[in-house]
Amino acid sequence: MDALTLFGLFAVTGMVVCYALESRGRAFTLAFAGFCLLGSAYGFLQGAWPFGLVELVWSAIAAWRWWNTSPA
């Protein structure tokens, strides 16, 4: 497994974990946005630009949700 594949695995695993834990706090929503950015970078780096674009949109949506959710 090369470094780029490991990076992608890290990004996608982080996304899944944070998505599953979003209901536990706003920090997980922000972390999800960050992992989506990493997933986007992975997509662009491997040449799968549609994946990169979709992850970029997901990151923006998650950041918007984090910004518009009141702190608990």
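Along the sequence shown, the residues carry numbers beginning at 1.
The closest side-chain heavy-atom distance from Phe44 to Leu53 is below 4.5 Å.
By the rule that hydrophobic residues join a cluster once side-chain heavy atoms approach within less than 4.5 Å of another member, Leu45 and Val54 end up as members of one cluster. Both Val17 and Phe28 belong to a single network of hydrophobic side chains, linked directly or stepwise wherever heavy atoms of I, L, V, M, F, W or Y lie under 4.5 Å apart.
Each side chain to side chain donor-acceptor pair (under 3.5 Å) pair with one or both residues in residues 59-69, not counting sequence neighbours, appears once here: Glu22-Arg65. Pairs passing the side chain to side chain donor-acceptor pair (under 3.5 Å) check and including a residue from residues 43-58, sequence neighbours excluded, read Tyr42-Gln46.
In this structure, Cys36 SG and Tyr19 OH are separated by 10.5 Å, a value rounded to the nearest 0.5 Å.
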Taking distance alone, no hydrogens or angles, what donor-acceptor pairs closer than 3.5 Å link side-chain atoms of residues 2-16 to residues at least two apart or in another chain?
unit_1, atom_1, unit_2, atom_2, d
Asp2, OD1, Thr5, N, 3.0
Asp2, OD1, Thr5, OG1, 2.5
Thr13, OG1, Leu9, O, 2.7

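When all heavy atoms of Cys18 and Ala31 are compared, the closest pair comes out as SG-CB, 3.5 Å. The minimum heavy-atom distance between Phe51 and Gly39, with the atom names listed, is CE2-O, 3.3 Å.
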